[in-house]
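Heads up: the structure comes next, in C-alpha cells.
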Amino acid sequence: MSDAVTLAADLLKEHRNSIDRLDAILVYTLGERFKHTQAVGKLKACHDLPPSDPAREEAQIARLEDLAKRAELDPEFAKKFLNFIIAEVIQHHKTHQSKP
Ligand SMILES: O=C(O)C(=O)C[C@]1(C(=O)O)C=C[C@@H](O)C=C1
C-alpha cells in the first residue's frame with residue numbers, strides 16, 4: 001500500500017471511531033431525555049394535562065435553531081430532529097393517558 005492509501009485508511013478509522021463514540025453519546029443522551037419525558041407523561045396523566053404543549057414546543061424549537069447555528073449544524077435539520085423526538089414523546093403520553 002502507498003503512504004497516501006495508508007494515511008487515508010488511518011484517517012477513515014479515526015473518523016469512524018469518533019462517529020461511534022458520538023453515536024453512543026447520542027443514544028445515552030436520548031435515553032436520559034426519555035426518562036424525563038416518561039416522568040412528565042406520568043405527571044400529565046395523573047393531573048389530566050394535555051399530552052402536547054405547543055407553546056413549549058415553539059420555545060424549544062427557537063432555542064434549538066439558535067444552538068444549531070452556533071454548533072454549525074443545519075437549523076432545519078435540528079428542527080426536524082426535535083419535532084421527530086417530540087412526536088414520539090406525545091405518542092408515549094397519549095398511551096399513558098389511555099390507560100385506566
Ligand atoms: O414539556 C412537556 O410538556 C413535555 O411533554 C415534553 C415535550 C418534549 O418532548 O420536550 C413533549 C411534548 C410537549 O408538546 C412538549 C415538550
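What you are looking at is a predicted structure, and each value in this text was computed from that prediction instead of being measured. Numbers here simply count residues along the sequence, with the first being 1. Each ligand, and each atom within it, is numbered from 1 in the order the structure gives.
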Checklist entry - How many angstroms lie between CG in Leu64 and CG in Asn83, if you round to the nearest 0.5 Å? => result 9.5 Å
Next on the checklist: Donor-acceptor pair, distance only, cut-off 3.5 Å: does the side chain of Lys44 make one with the backbone of Pro51?
Outcome noted: yes
Checklist entry - Nearest heavy-atom pair of Lys69 and Pro75: which atoms, and what distance? => result CG-CG, 3.9 Å
Checklist entry - Is it true that Arg16 and Asp20 make a salt bridge, defined as a side-chain N closer than 4.0 Å to a carboxylate O? => result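 No, no charged N to carboxylate O under 4.0 Å.
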Item to check | Set of residues that line ligand 1, where lining means a heavy atom lies under 4.0 Å from it | outcome: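 If the criterion is a heavy atom under 4.0 Å, then ligand 1 touches Arg33, Thr37, Val40, Lys44, Pro51, Ser52, Asp53, Arg56, Glu57, Gln60, Ile86, Val89, Ile90, His93.
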Checklist entry - Would a 4.5 Å heavy-atom cut-off, applied to side chains only, mark Glu57 and Ile86 as touching? => result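 Yes, at least one pair of side-chain atoms sits under 4.5 Å.
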Next on the checklist: The test is side chain to side chain donor-acceptor pair (under 3.5 Å); show your working for Glu88 and His92 and say whether it passes.
Outcome noted: CA-CA 6 Å; Glu88 180 73 15; His92 290 186; 3.1 Å; yes
